[in-house]
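Everything below concerns the one structure shown next.
Predicted, not measured: the structure shown is a model, and the values here were computed from it.
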Amino acid sequence: MRTRISVWIAVLCLILVLAGCGQKPPAESSGAASVSEQATKVVGAVPYGFVTVPEDWKEADNMADEVDVDQIRFSSADENSIISMGVWPAYEGSVDAFIHNWVEVLGAENVTNSIGALNRVQAPQIQASYPNGQAIVIWVFRDKEDVLHQVSVEGYKDTIGEAVQFLESSYTLKQEF
């Protein structure tokens, strides 16, 4: 009798173990292609720089009337993320002073500073958020000609990650394609 119970327990355990080893159901897809799977294009211009973005991105309003900035801007198709690339050839202050002034102009909250990488360029990076749920990530650096560059991503906190990935992995000052 004990042997029979032991055999049934062993068979039951074996069945449970085998059932647990079955194939996992496929993960649900959000329908969006990953960054590496998307069709892309290179946008930008000299002296601002170039970045690879999804094919459906478009040139955005440059806000020239609102802010005295020499920049170009590109937005996602839904306009939820914007990449800006600006230059200040005559700016004589330090990068730190520029960052401090820029953060004050933005009126942002939860500002953090670190060193980030734009492809092969190490640069101070500022991350900040706004009460309306939007966020901004800004990199500031000087090129070999001592021109100050500001590269940024703006958008909602839950959507700008992809644009940050595009900038960090593909930004360059020279047209390399």
Side-chain angles (χ1 to χ4, degrees), residues 28-45 47-89 91 93-143 147-173:
E28 288 187 29
S29 172
S30 65
S34 75
V35 170
S36 62
E37 296 171 348
Q38 292 185 16
T40 60
K41 65 182 178 184
V42 176
V43 296
Y48 310 100
F50 300 87
V51 65
T52 302
V53 296
E55 206 168 72
D56 63 350
W57 278 50
K58 58 190 176 186
E59 194 165 347
D61 181 18
N62 69 11
M63 294 176 49
D65 296 336
E66 298 174 36
V67 183
D68 186 21
V69 176
D70 184 11
Q71 69 177 351
I72 56 175
R73 296 164 45 97
F74 300 91
S75 72
S76 57
D78 60 8
E79 299 182 352
N80 282 334
S81 297
I82 297 173
I83 291 177
S84 302
M85 297 180 279
V87 294
W88 283 265
Y91 185 79
S94 71
V95 169
D96 289 337
F98 179 87
I99 291 169
H100 178 74
N101 292 339
W102 193 256
V103 169
E104 280 188 19
V105 167
L106 294 175
E109 303 173 339
N110 304 318
V111 178
T112 60
N113 298 324
S114 62
I115 297 294
L118 284 172
N119 199 356
R120 296 175 292 268
V121 177
Q122 294 292 314
Q125 180 188 66
I126 303 97
Q127 297 180 20
S129 60
Y130 301 100
N132 67 357
Q134 291 190 332
I136 187 166
V137 180
I138 306 168
W139 296 263
V140 180
F141 64 95
R142 288 191 180 276
D143 65 17
V147 173
L148 188 76
H149 291 263
Q150 166 267 318
V151 180
S152 64
V153 175
E154 305 167 60
Y156 290 96
K157 293 176 193 176
D158 59 344
T159 62
I160 69 169
E162 180 181 54
V164 168
Q165 286 179 344
F166 281 115
L167 270 174
E168 289 180 334
S169 65
S170 70
Y171 177 80
T172 181
L173 287 172

Q: Can you spot which of V147, V151, V95 makes a side chain to side chain contact (heavy atoms under 4.5 Å, CB included) with F141?
A: V151
Q: Give, for atom OG1 of T159 and atom CD of E154, the distance between the pair rounded to the nearest 0.5 Å.
A: 11.5 Å
Q) Hey, does W139 have a side-chain heavy atom less than 4.5 Å from the side chain of V121? A) no
(Q) Quick check: do Y91 and R142 have side-chain heavy atoms less than 4.5 Å from each other? (A) yes
**Q.** Reference residue I126; test side chain to side chain contact (heavy atoms under 4.5 Å, CB included); the match among I136, I138, V137
**A.** I138
Q.
Show the nearest heavy-atom pair for residues S81 and D78, with the distance to one decimal.
A. N-OD1, 4.4 Å
Q | Working for side-chain contact (heavy atoms from CB on, under 4.5 Å), residues R120 and T172 | A | CA-CA 8 Å; R120 296 175 292 268; T172 181; 4.2 Å; yes
**Q.** For the student: nearest non-hydrogen atoms of H149 and Y48, plus distance
**A.** ND1-O, 4.0 Å
**Q.** Any side-chain heavy-atom pair of Q150 and L148 under 4.5 Å
**A.** no
Q | Donor-acceptor under 3.5 Å (K41 side chain, W57 main chain) | A | yes
**Q.** Residues in side-chain contact (heavy atoms from CB on, under 4.5 Å) contact with A77, at least two apart in sequence or another chain
**A.** D56
Q.
Let me confirm one number: the OG-CD1 distance from S76 to I160, rounded to the nearest 0.5 Å.
A. 11.5 Å
Q: Flag the pair F74 / V51 as yes when at least one side-chain heavy-atom distance between them is below 4.5 Å, and no otherwise.
A: no
**Q.** Closest approach of A117 to Q122 (non-hydrogen atoms, all atoms of both residues)
**A.** CB-NE2, 3.4 Å
(Q) Working to the nearest 0.5 angstrom, can you tell me the gap between N119 CG and S169 OG? (A) 7.0 Å
Q: Could you please spell out the steps behind the side chain to side chain donor-acceptor pair (under 3.5 Å) verdict for N110 and S129?
A: CA-CA 6 Å; N110 304 318; S129 60; 3.0 Å; yes
Q) Rounded to the nearest 0.5 Å, what separation is found between the CG atom of D143 and the CG atom of L173? A) 6.0 Å
Q | Donor-acceptor pair, side chain of S75 and main chain of A60, under 3.5 angstrom | A | no
Q. Any chance CD of E109 has more than 12 other-residue heavy atoms, nucleotides or ligands included, within less than 6.0 Å?
A. yes
Q.
For a side chain to side chain donor-acceptor pair (under 3.5 Å) check, start with the C-alpha distance between S94 and D96, then their side-chain angles and the critical distance, and finish with the verdict.
A. CA-CA 5 Å; S94 71; D96 289 337; 5.2 Å; no
